[in-house]
Amino acid sequence: MLDIRLFREQPDLVRTALKKRQTSTAVVDQILALDAARRALLQKSEALKAERNRVSKEIGRTKDPDERQRKIEAMRQVREEIAALDEMLREKEAQLHHLLATVPNLPDPAVPEGRDESENVVLRQVGEIPQMDFQPLPHWELGPRLGIMDFERGVKLSGSRFYILKGAGAQLERALIAWMLDLHRRQGYTEIYPPFMVKEAVVFASGQLPKFRDNLYHDAEEDFWWVPTAEVPLTGMHMDEIFDESDLPRYYTAYTPCFRREKMSAGRDVRGIKRGHQFDKVEMYIYTLPDRSQDALQKMLADAEQTLAELGLTYRVVQLCTGDLGFAARITYDLEVWAPGSGEWLEVSSVSNVGDFQARRANIRYRPAGGGKPRFPHTLNGSGLGLPRTMIAVLENYQQPDGSVVVPEVLRPYMGGMEVIRPQEA
RNA sequence: GGAGGGAUGGCCGAGUGGACGAAGGCAACGGUCUUGAAAACCGUAGUGGGCUUACGCCCACCGGGGGUUCGAAUCCCUCUCCCUCCGCCA
């Protein structure tokens, strides 16, 4: 959520920024018009309320019955007028709030301009694309051959975009989660185990609602929304709180499954485990002072990169251009890992500074150390990492000519010492 | 699921129709004292919004929503959450 004052005081700044995002700027004028109408009604209503308050106090002190009755009659009239004004006011406020809630965050000035993902900028590549002396298999062939992935039975249980991991596959998933959480803990993050279903207000606070309703699952009878990312509960857990400045920064990490309807990606990435309706992710999240958030972004990026480096995978760091930024983000780096079997770079992490965008929506503030008004902290989120694509990269990069897969060294303690995944009985 | 009790400022806690934005305490900030600190004492101080060049004025907020009233933290309805007891259950 952007500050309404930004629209009033610097509408052109907002328009320019929205254009860079390839977003319509018509909302700016609509918002300004609603804001003006709202304030006009507010002033009328408040003037009447001031009168009512003043006269009501007089009534309490008025002894003369006639005068008293006369004042009561007059205030009855005023009450009606206030009710009518407030009704109109509520309507304008609801419209304004709804519009404001659909405006994306403004890009950081440092973000390169571009129309869409084709204009993202590859900042660097770490590691070489491995040259294999045999034809590497894609994971959707490798997994079933090893007996560690079962697509048919996933579909039988739940339909398309669901799968079963089995034996060493299931162990590998669990090992990756546990290892990543331990790594982030060493990097200074506090581990959180949040609810996987949250209230609508929480999904609004992190910015997934109202715009991305179609991508979310929710209970038809109760106010439960399945989290599409741990970012949602990690934002919501401090909703309506005021930190002391000394409480910041806060570093959190959490594993959650993520549930997404993927309506927007119909037909894309249907093979294998790349894009499911349910997937696991380990997330990093930081609350920090505004002037520290860019440093925090660099730390988080480095922390995410470390997971790929320790797994021995080749990856590249991509800076998203203005046209490809997510709704809440001011600046985002993606990490893409090379998958030799699929023959593509897979997005396994997105590390973003959202500034005060989520804090404002969630009403999360901190009190400055020297006293003074509470202010909005900045929040950052980053995957560390998305599990299915990390698993794809591990399997495809560590596959051997005989069809087995070597377990990366850092994961072996988490897999009971297993060094190689070999074909298992179906 | 049934019965009862609760929800008040950053935190704790008083307040049952009119001078209550709300006693008192803790924490915070400024000052006195002290070599410095602590203690003690004095003082400041809620959050959001509107108007104003400004001093400042006004509105709203006592879990959420609605109602009664000239006037609601206080009365009524409703929802949510917490606590106690009973029942059921991984």
Side-chain angles (χ1 to χ4, degrees), chain A residues 1-9 31-101 193-205 209 218-225 233 236-248 250 287 289 356 358-377:
Chain A
M1 184 98 72
L2 297 175
D3 191 342
I4 183 69
R5 274 170 288 212
L6 196 60
F7 287 81
R8 277 184 215 150
E9 291 160 18
I31 284 172
L32 286 173
L34 280 169
D35 183 49
R38 175 188 149 261
R39 281 190 288 170
L41 287 167
L42 186 64
Q43 284 167 39
K44 283 187 199 166
S45 169
E46 289 192 347
L48 286 175
K49 283 174 183 169
E51 187 193 353
R52 180 191 66 187
N53 289 346
R54 185 174 52 74
V55 176
S56 288
K57 281 180 186 171
E58 287 173 17
I59 291 172
R61 291 188 298 256
T62 301
K63 297 285 184 283
D64 178 61
D66 289 343
E67 191 187 346
R68 196 182 155 93
Q69 198 52 39
R70 194 174 51 74
K71 283 178 172 167
I72 287 175
E73 294 296 341
M75 286 308 103
R76 272 195 193 133
Q77 202 67 33
V78 168
R79 183 173 61 187
E80 304 289 310
E81 292 174 44
I82 290 173
L85 283 169
D86 280 355
E87 168 110 32
M88 289 189 277
L89 186 59
R90 259 198 302 277
E91 200 175 306
K92 292 291 178 201
E93 276 177 345
Q95 289 170 7
L96 179 61
H97 183 254
H98 182 78
L99 261 190
L100 214 46
Y193 176 84
F196 300 160
M197 297 186 287
V198 297
K199 302 179 199 180
E200 181 171 349
V202 174
V203 192
F204 177 86
L209 281 177
H218 67 102
D219 187 275
E221 294 174 353
E222 293 187 78
D223 186 18
F224 287 128
W225 295 70
M237 64 187 274
H238 288 300
M239 249 166 62
D240 298 318
E241 291 183 26
I242 300 177
F243 289 109
D244 283 332
E245 181 172 327
S246 59
D247 293 332
L248 300 175
R250 289 285 180 103
Y287 293 82
L289 297 176
D356 63 8
Q358 286 175 330
R360 179 173 275 113
R361 283 175 97 96
N363 191 30
I364 298 166
R365 291 167 295 168
Y366 72 95
R367 201 174 292 282
K373 293 283 180 189
R375 298 177 198 161
F376 295 109

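All chains are named by letter (A, B, ...) in the order of the sequence lines, taking the proteins before the strands, and each is independently numbered beginning at 1.
Taking only side-chain nitrogens and oxygens, A:Q43 never comes nearer than 4.0 Å to OP1 or OP2 of B:rG50. Taking only side-chain nitrogens and oxygens, A:N53 comes nearer than 4.0 Å to OP1 or OP2 of B:rA60. Residue A:R79 places at least one side-chain N or O under 4.0 Å from the OP1 or OP2 atom of B:rG71. A:K373 has a side-chain polar atom (N or O) that falls below the 4.0 Å cut-off from OP1 or OP2 of B:rU47. Of the side-chain N and O atoms in A:R367, one or more sit less than 4.0 angstrom from OP1 or OP2 of B:rU47. Between A:R76 and B:rC70 there is a side-chain polar atom (N or O) within less than 4.0 angstrom of OP1 or OP2. Contact annotation: A:R8 side-chain N/O to B:rG50 OP1/OP2 distance is under 4.0 Å. When the side-chain nitrogen and oxygen atoms of A:R52 are compared with OP1 and OP2 of B:rA60, one or more of them lie within a distance under 4.0 Å. Residue A:R61 places no side-chain N or O under 4.0 Å from the OP1 or OP2 atom of B:rA19.
A 6.0 Å sphere centred on CD of A:E73 holds more than 12 heavy atoms belonging to other residues, nucleotides or ligands.
Contacts of A:K49 with the nucleic acid, taken as non-hydrogen atoms under 4.0 Å apart, involve only primed sugar atoms and P, OP1 or OP2. Across all strands shown, A:R54 has no heavy atoms under 4.0 Å from either base or sugar-phosphate atoms. Looking at heavy-atom distances under 4.0 Å, A:D244 makes no contact with the nucleic acid at all. Here A:R70 lies out of heavy-atom contact (under 4.0 Å) with every strand. Using a 4.0 Å heavy-atom criterion, one finds that A:R360 contacts no nucleic acid atom at all. At a threshold of 4.0 angstrom between heavy atoms, the contacts of A:L42 are confined to the sugar-phosphate backbone, with no base atom among them.
One finds no salt bridge joining A:D64 and A:R68 here, because no Lys/Arg side-chain nitrogen approaches an Asp/Glu carboxylate oxygen to under 4.0 Å.
Distance check on atom P: B:rG64 versus B:rU53 gives 35 Å, rounded to whole Å. Here the separation of B:rG15 from B:rA23, taken at their C1' atoms, is 8 Å to the nearest Å. Comparing B:rC42 with B:rG56, their P atoms sit 26 Å apart, to the nearest whole Å. When the C1' atom is compared between B:rG17 and B:rC29, the two are found 37 Å apart, to the nearest whole Å. Spacing of C1' atoms, B:rU47 relative to B:rC62, comes out at 12 Å, to the nearest Å. Rounded to the nearest Å, the gap between the P atom of B:rG9 and that of B:rA73 is 15 Å. The P atoms of B:rG5 and B:rU78 are separated by 15 Å, rounded to the nearest whole Å. Here the separation of B:rG63 from B:rG13, taken at their P atoms, is 14 Å to the nearest Å.
The base-pairing partner of B:rA14, taking Watson-Crick or G-U wobble contacts with both distances under 3.5 Å, does not exist among the strands shown. The pairing partner recorded for B:rA73 is none, the criterion being a Watson-Crick or G-U wobble arrangement whose two distances lie under 3.5 angstrom. With a 3.5 Å ceiling on both atom-pair distances, the Watson-Crick or G-U wobble partner of B:rC57 is B:rG50. Using N1 to N3 plus N6-O4 or O6-N4 for Watson-Crick, or N1-O2 and O6-N3 for G-U wobble, each under 3.5 Å, B:rA23 pairs with nothing. Both distances falling under 3.5 Å, in either a Watson-Crick or a G-U wobble arrangement, place B:rA7 opposite B:rU80. Nucleotide B:rA45 has no partner under the Watson-Crick or G-U criteria, as no pair reaches both atom distances under 3.5 Å.
Rounding to whole angstrom units, CD of residue A:E93 and C1' of B:rG50 are separated by 11 Å. The OH atom of A:Y366 sits 14 Å away from the P atom of B:rU47 (whole-angstrom rounding).
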Q.
With salt bridge (charged side-chain N to carboxylate O under 4.0 Å, His left out) as the criterion, how do A:R76 and A:E80 come out once you've worked through the C-alpha distance, each side chain's angles and the decisive distance to 0.1 Å?
A. CA-CA 7 Å; A:R76 272 195 193 133; A:E80 304 289 310; over 6 Å; no
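Residue whose closest nucleotide on RNA chain B sits further toward the 5' end, between A:S56 and A:I4: A:S56. For the pair A:E58 and A:R365, nearest-nucleotide mapping onto RNA chain B gives the more 5' position to A:E58.
Residue A:I72 has its side chain nearest to B:rC70 when only B:rC58, B:rC70, B:rG48 are considered. Of the candidates B:rG49, B:rG50, B:rC70, B:rC70 carries the atom nearest the A:I59 side chain, counting heavy atoms from C-beta on.
With hydrogens and angles ignored, a donor-acceptor pair under 3.5 angstrom links the side chain of A:E46 to the base of B:rG49.
Within the 3.5 Å criterion, the main-chain N or O of A:S246 finds no donor-acceptor partner in the side chain of A:D244.
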